[in-house]
Structures are given as C-alpha cells and as structure tokens.
Amino acid sequence: MNAECGSTIRVRIAPSPTGNCHVGTARTALYNMLYARKFGGKFILRIDDTDQSRSTRESEEGVLEGLRWLGIQWDEGPDIGGPYGPYRQMERAHTYGDAAARLMAEGKAYRCYCTPEELEAERREALAAGKPPRYYGKCRNLAAEERAELEAEGRKHVIRMRVPDKILTFVDLLRGHQQKDMGERGDFVIVKSDGSPVYNFATVVDEHYMDMTHVFRAVEHLTNTFDQLAVYEAMGWDPPQFGHLTLMLNPDRTKISKRAGAVYIGEFRDMGYLPEALVNFLALLGWNPGTDQEIFSMDELVGAFSVDTLSRSDAVFDIKKLDWFNGVYIRSLTPENLAARVRPFMEKAGYVIGDQEFLERAVALVTDRLGKLTEAPDMLGFLFVDQVDLARESFGGKAKFTSADIVRALTACEGALSGLAQWTHEEIEAALRGLSKSLGWKVGDLLMQVRVAITGRRVTPPLFESLVLLGRAKSLARIARAIAALEE
RNA sequence: GCUCCCAUGGUCUAGCGGCCUAGGACAUCGCCCUUUCAAGGCGGUAACACGGGUUCGAAUCCCGUUGGGAGCGCCA
C-alpha cells in the first residue's frame with residue numbers, strides 16, 4: 001500500500017551480511033531512518049542473505065554494530081523482531097518458494113535447464129554478433145516431453161521470469177519519470193538451481209509482505225528496478241515508491257572503495273572519528289538542508305530532512321571535510337564526555353589512566369587541538385609517563401642558543417619555579433615571564449626550552465596548564481634532567 | 001555493444017529565466033591574535049564541461065557533443 005493511501009510509511013535498509021558496515025550502507029540507512037522519523041513512519045532493518053556462501057551470524061553482527069554505533073536505530077529487525085518478521089531472507093525462504101510456484105502455475109515463469117557453460121557461450125556469441133548479451137529464451141517453450149528428458153539427464157534447473165514484451169515505467173522520487181522497453185530484456189532468473197531466490201525476486205517478495213511504502217537505495221539499483229517491476233506486475237502487487245540515491249566516490253571519482261581509504265564504519269571509529277561527526281558529514285554528502293546550516297544533530301536532521309533536496313549527482317567522499325566536522329564536534333564536548341571517548345585510545349596506546357578527573361583536566365587542554373581522538377595519546381602522553389625522551393635538536397636554535405645558553409636558562413627557570421609559594425598557573429606564568437625579561441630572552445624562546453624539557457617536544461598543549469597538571473615535583477625533576485642531559 | 005543516470009570553484013553544494021559583477025562550507029593562501037600547535041577573527045585565489053538553439057533575457061528550458069557513473073549475473 002502506498003503512502004498516498006494514507007497508511008503508515010514503512011522504509012528499510014536491507015544490507016547483505018558482509019561482516020562490516022559500509023559507509024554507503026550507513027548513509028542509505030541514515031536517509032531512510034530520517035525519512036521514517038520525519039513522517040512518523042517505521043524504519044525496518046532486513047538482512048538480505050540469499051547468497052548463503054557469504055552469510056554468517058557474525059558477519060551480520062558486524063553490520064548491525066556499525067549502524068548502532070552511528071546512532072541509527074530501527075523499529076523492526078532481526079535482533080529486536082517486529083510484526084513483519086522474520087527479518088532475515090533465509091528465514092523467509094518459503095515465501096519466495098510460494099511466490100515462484102504461483103508464477104509457474106500461472107505460466108509467468110518457467111524452468112530453464114541451461115547450464116552455466118551454455119549460457120556463457122550464448123552470451124559470448126551475442127556479444128561477438130554485436131547483440132546485447134542476454135538470455136534468448138531457449139527453454140521458454142519447452143514441451144513436457146523435452147522437460148522430462150532433460151530432467152532424466154539429471155539436469156538441474158533454475159526458474160526464469162517470462163518477461164513481458166512491453167514498456168515498464170515508474171516515477172523515481174529523485175529523478176522523475178523512468179521507463180524501459182522490456183522487449184530488450186531477456187527472461188531473468190528468479191530462483192537459483194539450489195532453490196534459493198535471486199535478489200531481484202526476493203526483494204520484491206519481501207517489500208510486498210513487509211508492506212514497504214518507499215524504497216530509497218543507491219542508483220546502482222535503478223536499472224534493476226524494471227526487473228522488479230516486472231515481478232510486481234506478474235504477482236499482481238502494487239510496487240512501493242522508489243528513490244535512487246547517489247553514490248559516494250573516491251577522490252578519483254571512481255566508486256568508493258577500500259583502495260582509496262577507509263570505507264567501513266569500524267575503521268572510522270578506530271581512526272578516532274566521532275559518530276555524530278560522521279553522521280553529520282554523511283548526511284550532507286548527497287543531501288542539503290536548503291539553508292547555510294552545516295552542523296546538525298540527529299534530531300535536527302530529522303527536522304530538516306527532505307526528499308526534494310536529495311542530490312542527483314554522485315559525491316566525492318572528502319575526508320578533509322569529515323576532519324573538520326570531527327573537530328567541531330570534539331570542541332562541543334564537555335571535558336567529561338571527551339575524556340570518556342579519549343580513554344580507550346589512551347589505553348590502547350599503553351598509557352595507564354588512573355584518575356578520571358586528571359584525564360578530564362588533561363583533555364581540556366587539547367580540546368581545541370584535537371582533530372581525531374587518535375591524536376590524544378600523542379599530545380597527552382607526557383602527562384602519563386615518568387619521564388620523556390629528550391633530543392638536543394628539540395631544544396632548537398643551535399645557532400641562536402648554545403647548549404650552555406639553554407642550561408643557564410633552564411637553571412634559572414628551575415630556581416624560579418622551585419621558589420614559588422603556590423604551584424598555580426598565575427604564579428608559574430608570572431615567574432617565567434619575569435624571568436624572560438631579566439634573562440633577556442624572548443618569552444616564546446624561553447618557554448620553548450621549558451616546554452621541551454618537560455614534554456620532549458616542541459608542539460604541546462599550553463605550557464602553564466601542563467606544568468600545573470604535571471605537578472611541581474615532576475616538572476622540576478624533568479627540568480633538572482634536561483639540564484643534566486644538555487651538560488653532557 | 002545496448003539501455004539508463006549524472007554534469008556549478010580542488011571538494012560538498014545553493015541557484016529551479018531577469019534578484020548572479022554566481023552565494024555558503026571544507027580545503028588552500030595572506031593577515032590578526034598568540035608561550036608552541038591549534039582554535040578563533042578578518043581578507044584573498046578559485047566554478048556555471050563544450051557547441052547549437054528557444055527567449056527581450058539562460059548557470060537555469062530544449063537538442064547534440066564530450067566526460068564520468070550504473071546496469072545488461074544461478075552478486076546483492
């Protein structure tokens with residue numbers, strides 16, 4: 001039943017269980033969910049596992065995990081059930097069998113005994129003759145005796161649709177009127193020789209029995225739609241409305257692939273991206289709100305979503321823009337929240353995070369500097385180790401400052417800092433600034449020496465805050481150690 | 001080969017016949033801020049694929065060309 005009839009909108013995502021959640025799948029799922037939420041409909045997750053060789057329960061879980069991490073929630077699915085179950089194609093096998101049997105009984109489908117080799121030969125001949133490579137109907141009108149004979153030979157058969165010689169049309173929600181002359185289309189297989197349904201057939205049966213009203217999927221399915229329409233027509237069912245979404249592309253404008261970078265949701269998680277950033281980025285890759293707003297929470301996306309502003313041309317996946325979104329979202333996080341997200345990355349890098357509050361104070365120093373969570377261990381590591389590696393070059397400016405210069409400066413700093421009444425940002429800053437003046441050093445130059453002494457590097461979180469966090473004892477010990485190292 | 005889809009800066013896009021000397025964002029460049037690096041602020045460079053029409057007027061409509069993509073499977 002279509003939406004025009006007033007019934008509830010039902011949309012779906014139907015991934016095949018490939019083990020990982022592909023970004024393309026994720027974006028399509030997102031759009032479908034947004035559409036359902038926007039119009040008070042239901043968003044269904046169905047597992048398209050008719051290709052048994054590639055399907056396992058673990059490979060299904062990988063897909064669900066990716067979607068869940070992104071915050072994509074379904075109203076019905078294999079994990080939570082629902083009134084239209086089961087939600088795995090293999091568990092609905094009988095429905096395809098019944099549908100195929102009906103088409104056979106009505107003469108709208110027939111058994112084909114051609115072997116893959118014979119079909120391959122036919123295809124090659126057609127191509128060589130400049131004709132379209134398709135099935136030319138060898139088994140279309142087999143007599144009963146011929147069939148019996150072939151079966152006696154022990155031949156297996158598939159079931160093919162008797163494709164009508166007519167023009168099929170539909171109105172695509174994004175691209176308008178579409179049509180195709182099916183006279184050019186050979187009879188296609190709907191049931192494989194092992195009895196399992198082919199995608200184009202199973203999907204129609206599922207869409208029908210699950211009462212889908214709208215099908216939003218990638219453009220690669222646009223041409224398939226006509227085959228599916230033929231099935232709907234043969235079954236006497238009303239098709240849902242279709243909308244064919246754009247593809248995501250590699251920087252070289254080929255279809256997005258592993259080769260050019262990350263494509264699985266889990267990879268983005270491991271690279272330190274925030275799910276809300278990825279969702280925001282994906283949403284804007286192929287859709288626009290019609291305004292200049294760039295940052296959207298999931299709720300805002302629901303509110304702003306519209307089929308009219310879904311784009312029709314493919315979009316390059318620009319990781320630089322994702323990075324920007326990620327930074328924006330990181331900066332919007334509270335220290336507590338950021339710390340919770342950073343923690344696993346710190347631990348994975350081998351740092352032992354004892355005190356939660358300390359971690360929170362640490363991440364607060366780098367909130368503005370963090371592009372990805374994976375950068376945190378590198379930036380904050382010095383706060384979680386006993387001592388840091390020092391390299392003479394890091395202190396810098398060999399021509400400008402000799403090691404002796406630096407030793408003198410650091411010694412002065414050590415003296416000034418050890419004499420502070422309180423180990424606070426204000427006192428430390430006042431002491432060091434005062435020292436730079438009396439020593440005749442530029443503030444930046446002097447602070448750089450302290451910076452390197454306590455962190456081992458030249459690019460770090462703000463110095464005064466870092467010293468406060470490190471504590472007086474550790475800070476002074478590191479300065480002393482740096483002096484000793486430079487004196488060697 | 002056949003069928004179909006798409007076409008605004010490097011990237012994502014706004015634009016749906018005059019409001020366009022084409023707007024926003026990312027990236028990039030410069031300046032400011034500044035204890036490093038960021039973040040932030042300000043400013044700059046940069047696009048209507050090409051050729052025909054239609055029209056008083058075209059980025060916007062039509063046709064063709066080119067380019068890119070998809071499909072033509074017992075993959076989904």
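All values derive from a computational prediction rather than experimental measurement.
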Legend entry - Side-chain ion pair, A:R147 and A:E151, N-O less than 4.0 Å: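 No, A:R147 and A:E151 are not salt-bridged.
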
Inset, instruction - Using a strict 4.0 Å threshold on nitrogen-to-oxygen distance, state whether A:K255 and A:E220 make a salt bridge. - result: yes

Any [X] side-chain nitrogen or oxygen under 4.0 Å from OP1 or OP2 of [N]:
{"X": "A:Q178", "N": "B:C5", "answer": "yes"}
{"X": "A:R331", "N": "B:G40", "answer": "yes"}
{"X": "A:T460", "N": "B:U36", "answer": "no"}
{"X": "A:K192", "N": "B:A76", "answer": "yes"}
{"X": "A:R433", "N": "B:U35", "answer": "yes"}
{"X": "A:R253", "N": "B:C12", "answer": "yes"}

Inset, instruction - Check every strand shown and say whether A:H244 touches a base, only sugar-phosphate, or nothing at a heavy-atom separation below 4.0 Å. - result: nothing

Inset, instruction - Would you classify A:T367 as touching base, sugar-phosphate or nothing, given that sugar-phosphate means primed atoms plus P, OP1 and OP2, and contacts are heavy atoms under 4.0 Å? - result: nothing

Legend entry - A:D98/A:R92 under salt bridge (charged side-chain N to carboxylate O under 4.0 Å, His left out): CA gap, chis, key distance, verdict: CA-CA 10 Å; A:D98 292 349; A:R92 311 171 60 81; over 6 Å; no

Inset, instruction - Could you walk me through whether A:W287 and A:S311 pass side-chain contact (heavy atoms from CB on, under 4.5 Å), step by step? - result: CA-CA 6 Å; A:W287 168 82; A:S311 65; over 6 Å; no

Legend entry - A:I319 CD1 to B:C12 C1', straight-line distance once rounded to whole Å: 14 Å

Inset, instruction - Let me know the distance between CG of A:L370 and P of B:U36, rounded to the nearest Å. - result: 20 Å

Which one, [options], comes nearest to the side chain of [X]?
{"X": "A:P462", "options": "B:U35, B:A76, B:C12", "result": "B:U35"}
{"X": "A:W324", "options": "B:A25, B:A76, B:C5", "result": "B:A25"}
{"X": "A:S311", "options": "B:U13, B:U36, B:G69", "result": "B:U13"}
{"X": "A:E184", "options": "B:A76, B:C2, B:C74", "result": "B:C2"}

Distance check, [atom1] atoms only: [N] and [M], in whole angstrom units.
{"N": "B:C2", "M": "B:G9", "atom1": "C1'", "result": "36 Å"}
{"N": "B:C12", "M": "B:C48", "atom1": "P", "result": "16 Å"}
{"N": "B:C72", "M": "B:G15", "atom1": "P", "result": "33 Å"}
{"N": "B:C20", "M": "B:U60", "atom1": "C1'", "result": "11 Å"}
{"N": "B:C32", "M": "B:G24", "atom1": "C1'", "result": "23 Å"}

N/O donor-acceptor pair, side chain [X] with base [N], under 3.5 angstrom:
{"X": "A:N224", "N": "B:A76", "result": "yes"}
{"X": "A:R451", "N": "B:U35", "result": "yes"}
{"X": "A:K321", "N": "B:A27", "result": "no"}
{"X": "A:T223", "N": "B:C4", "result": "no"}

Inset, instruction - Return the 5'-most residue of the pair A:V328, A:L447 with respect to RNA chain B, ranking by each residue's nearest nucleotide. - result: A:L447

Inset, instruction - Between A:K180 and A:F464, just flag the one whose closest nucleotide in RNA chain B comes earlier from the 5' side. - result: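 It is A:K180 whose nearest nucleotide is closer to the 5' end.
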
Inset, instruction - Return the nucleotide paired to B:C31: Watson-Crick means purine N1 to pyrimidine N3 with N6-O4 or O6-N4, wobble means G-U with N1-O2 and O6-N3, both under 3.5 Å. - result: B:G41

Inset, instruction - Could you list by number each residue of residues 286-296 of chain A showing a heavy-atom separation from RNA chain B of less than 4.0 Å, or answer none if no residue does? - result: A:G286, A:N288, A:D292, A:E294

Inset, instruction - Test side-chain contact (heavy atoms from CB on, under 4.5 Å) on A:Y31 and A:V307 and set out the steps. - result: CA-CA 9 Å; A:Y31 288 155; A:V307 173; over 6 Å; no

Legend entry - 4.5 Å side-chain heavy-atom contact, A:F242 and A:R217: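 The answer is yes, as the side chains (C-beta and beyond) meet within the 4.5 Å cut-off.
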
Inset, instruction - State the CG-NE2 distance between A:N224 and A:H244, to the nearest 0.5 angstrom. - result: 7.5 Å

Legend entry - A:K258 atom NZ, over 12 foreign heavy atoms within 6.0 Å: yes

